[in-house]
**Q** 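Dumping the structure here so I can ask a few things about it.
All figures in this text were calculated on a predicted structure; none of them were measured in a lab.
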Amino acid sequence: MKEAGEARRVREILDILARTYPEARTALLFETPFQLLVAAILSAQTTDRQVNRITRQLFARYREPEDFARLTPEELAREIRGCGLYKNKSRHIIAASRILVEKYGSRVPESLEELQRLPGVGRKTANVVLNVAFGRPALPVDTHVLRVARRLGLARGKTPQKVEEELLAVIPEEERRDAHHRLIAHGRAVCKAVRPRCGTCSLSHLCPGRQN
Ligand code: SF4
């Protein structure tokens with residue numbers, strides 16, 4: 001009985017998120033899975049807007065893994081210096097590009113395990129590539145998803161991987177892609193890290209974490 005009530009609550013949360021953020025998508029600009037991979041690596045500790053500012057120029061000059069594999073870390077670092085940790089990211093992108101050229105025929109692999117073996121690609125970035133570039137039912141957990149899911153009582157775990165596991169257990173496979181983007185949208189617009197807007201939140205009647 002209790003489980004049925006919880007399933008109904010989750011269903012209602014997903015429905016409200018779908019109505020509130022029907023068009024929620026990634027803000028990152030890209031044309032190919034490889035470009036999305038590069039953009040996702042660049043986005044660590046950098047806003048999507050800043051990444052787009054950089055990649056608009058970057059992808060006009062370098063499009064394919066071969067183009068990046070030929071660069072030196074110093075050359076690429078000059079192109080991406082507007083984002084945080086740009087020296088590390090430069091090394092990672094070049095190393096990942098070389099692996100793609102040598103091992104994958106310049107294609108981006110479509111499995112979580114293979115993606116995570118690429119330099120600079122952690123679990124969240126790998127899941128972003130699967131979700132956004134390949135349309136897989138992956139549910140990347142970033143800081144917004146982690147916070148909103150915990151406040152809403154959809155997850156209790158403290159680590160992104162634990163929260164991901166809990167979300168996968170309650171969100172139907174066909175809704176995971178969109179749920180990821182909608183939880184982020186809600187975290188940015190309403191369920192902010194500091195002073196969430198619980199008073200105007202459309203989920204407040206379903207939320208054990210509401211604060212006022
Ligand atoms: S009620 Fe508050 S804590 Fe809960 S989801 Fe809405 S904004 Fe976040």
Side-chain angles (χ1 to χ4, degrees), residues 1-30 33 36-37 39-40 43-45 47-49 110-116 121-212:
M1 198 62 186
K2 205 172 161 198
E3 278 175 22
E6 178 58 10
R8 268 199 303 278
R9 190 184 77 91
V10 173
R11 181 69 267 153
E12 206 178 330
I13 288 171
L14 294 175
D15 288 345
I16 291 171
L17 285 172
R19 285 199 298 276
T20 312
Y21 309 102
E23 304 295 335
R25 294 283 176 272
T26 183
L28 294 172
L29 299 174
F30 69 99
L36 192 265
L37 174 66
S43 72
Q45 298 192 26
T47 64
D48 290 351
R49 185 180 297 187
E110 292 189 41
S111 82
L112 187 66
E113 294 70 28
E114 288 175 299
L115 282 163
Q116 282 185 268
V121 180
R123 187 177 183 91
K124 188 197 79 179
T125 302
N127 270 322
V128 166
V129 172
L130 292 176
N131 176 311
V132 177
F134 295 123
R136 298 291 186 79
L139 219 158
V141 175
D142 71 354
T143 176
H144 297 295
V145 174
L146 186 115
R147 180 180 71 254
V148 177
R150 282 172 47 86
R151 284 177 177 167
L152 279 169
L154 298 175
R156 293 191 174 154
K158 296 208 167 116
T159 65
Q161 185 163 347
K162 184 76 184 101
V163 169
E164 180 190 329
E165 287 164 12
E166 292 177 274
L167 290 177
L168 293 181
V170 296
I171 299 179
E173 185 171 320
E174 64 278 10
E175 297 182 57
R176 289 174 191 162
R177 273 189 83 197
D178 289 333
H180 159 74
H181 298 290
R182 289 167 182 161
L183 287 167
I184 290 177
H186 193 61
R188 284 184 172 147
V190 182
C191 192
K192 293 167 177 286
V194 180
R195 283 200 238 136
R197 296 174 179 169
C198 303
T200 57
C201 176
S202 54
L203 298 170
S204 63
H205 61 298
L206 300 163
C207 181
R210 67 180 169 273
Q211 294 183 20
N212 48 48

**Q** Does Glu12 have any side chain to side chain donor-acceptor pair (under 3.5 Å) partners at least two apart in sequence or in another chain, and if so, which?
**A**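 Side chain to side chain donor-acceptor pair (under 3.5 Å) list for Glu12, sorted by chain: His205.
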
**Q** Tyr21 and His181: side-chain donor and acceptor closer than 3.5 Å?
**A** no

**Q** Considering residues at least two apart in sequence or located in another chain, which fulfil the side chain to side chain donor-acceptor pair (under 3.5 Å) criterion with Arg11?
**A**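 Side chain to side chain donor-acceptor pair (under 3.5 Å) check on Arg11 returns Asp15, Glu175.
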
**Q** Applying side chain to side chain contact (heavy atoms under 4.5 Å, CB included), run through Leu152 and Ile13 and close with a yes or a no.
**A** CA-CA 9 Å; Leu152 279 169; Ile13 288 171; 4.1 Å; yes

**Q** Atom CG in Asn127, atom CD in Gln116: separation rounded to 0.5 Å?
**A**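 Output value for this atom pair is 7.5 Å.
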
**Q** May I ask you to decide if Gly209's main-chain N or O and Arg150's side chain share a donor-acceptor pair within less than 3.5 Å?
**A** no

**Q** Testing the basics here: between Val190 and Cys201, what is the closest heavy-atom pair and its distance to 0.1 Å?
**A** CG1-CB, 3.8 Å

**Q** Please examine the side chains of His186 and Thr20, heavy atoms only from C-beta on, and report whether any two atoms are closer than 4.5 Å.
**A** no

**Q** Restricting to side chain to side chain contact (heavy atoms under 4.5 Å, CB included), what partner residues turn up for Ala133, sequence neighbours left out?
**A** Pro33, Leu36, Val129

**Q** Taking all non-hydrogen atoms of both residues, which atom of Lys192 and which atom of Arg188 are closest, and how far apart?
**A** NZ-O, 3.0 Å

**Q** Yes or no on side chain to side chain contact (heavy atoms under 4.5 Å, CB included) for Val128 and Asp142, after CA distance, side-chain angles and deciding distance?
**A** CA-CA 10 Å; Val128 166; Asp142 71 354; over 6 Å; no

**Q** Measuring from Leu183:CG to Ile171:CD1, what's the distance to the nearest 0.5 Å?
**A**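 Leu183 CG to Ile171 CD1: 6.0 Å, rounded to 0.5 Å.
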
**Q** Check Leu139 against Glu164 and note the closest heavy-atom contact, atom names and distance.
**A**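 So the minimum-distance heavy-atom pair works out to O-CG, 3.6 Å.
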
**Q** List for me each residue that meets side chain to side chain donor-acceptor pair (under 3.5 Å) alongside Arg136, sequence neighbours excluded, and say none if there are none.
**A**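 If we apply the side chain to side chain donor-acceptor pair (under 3.5 Å) test to Arg136, skipping adjacent residues, the hits are Glu110.
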
**Q** Could you measure the distance from the CG atom of Leu37 to the OG1 atom of Thr125? Nearest 0.5 Å is fine.
**A** 8.0 Å

**Q** Taking atom CD as the centre, does Glu23 end up with more than 12 heavy-atom neighbours from other residues, nucleotides or ligands that are less than 6.0 angstrom away?
**A**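 No, not enclosed.
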
**Q** Could you walk me through whether Leu112 and Arg123 satisfy the side chain to side chain contact (heavy atoms under 4.5 Å, CB included) test, starting with their C-alpha distance in whole Å, then the side-chain angles of each, then the deciding distance to 0.1 Å, before giving a yes or no?
**A** CA-CA 7 Å; Leu112 187 66; Arg123 187 177 183 91; 3.7 Å; yes

**Q** Is there side-chain contact between Leu203 and Leu17, with at least one heavy-atom pair below 4.5 Å?
**A** yes

**Q** So Leu154 and Arg9, do their side chains get closer than 4.5 Å, heavy atoms only?
**A**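 Arg9 reaches Leu154 side chain to side chain.
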
**Q** Would you mind reporting whether Pro172 and Leu14 have side-chain heavy atoms less than 4.5 Å apart?
**A** yes

**Q** What residues, two or more places apart in sequence or in another chain, satisfy side chain to side chain contact (heavy atoms under 4.5 Å, CB included) together with Ala155?
**A** Ala149, Val163, Glu166

**Q** So which atom in Pro140 and which in Asn131 form the shortest heavy-atom distance, rounded to 0.1 Å?
**A** CD-ND2, 3.9 Å

**Q** Under the side chain to side chain donor-acceptor pair (under 3.5 Å) test, which residues partner Arg176, sequence neighbours left out?
**A** none

**Q** Does any part of the side chain of Pro196, heavy atoms only, come nearer than 4.5 Å to the side chain of Arg151, both counted from C-beta?
**A**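 In contact.
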
**Q** Looking at every non-hydrogen atom in both residues, tell me the closest pair between Leu130 and Ser111 and how far apart they are.
**A**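 Nearest heavy atoms, Leu130 then Ser111: CD2-N, 4.3 Å.
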
**Q** Which pair of non-hydrogen atoms, one from Ala18 and one from Arg182, has the smallest distance, and what is that distance?
**A** CB-NH1, 3.4 Å

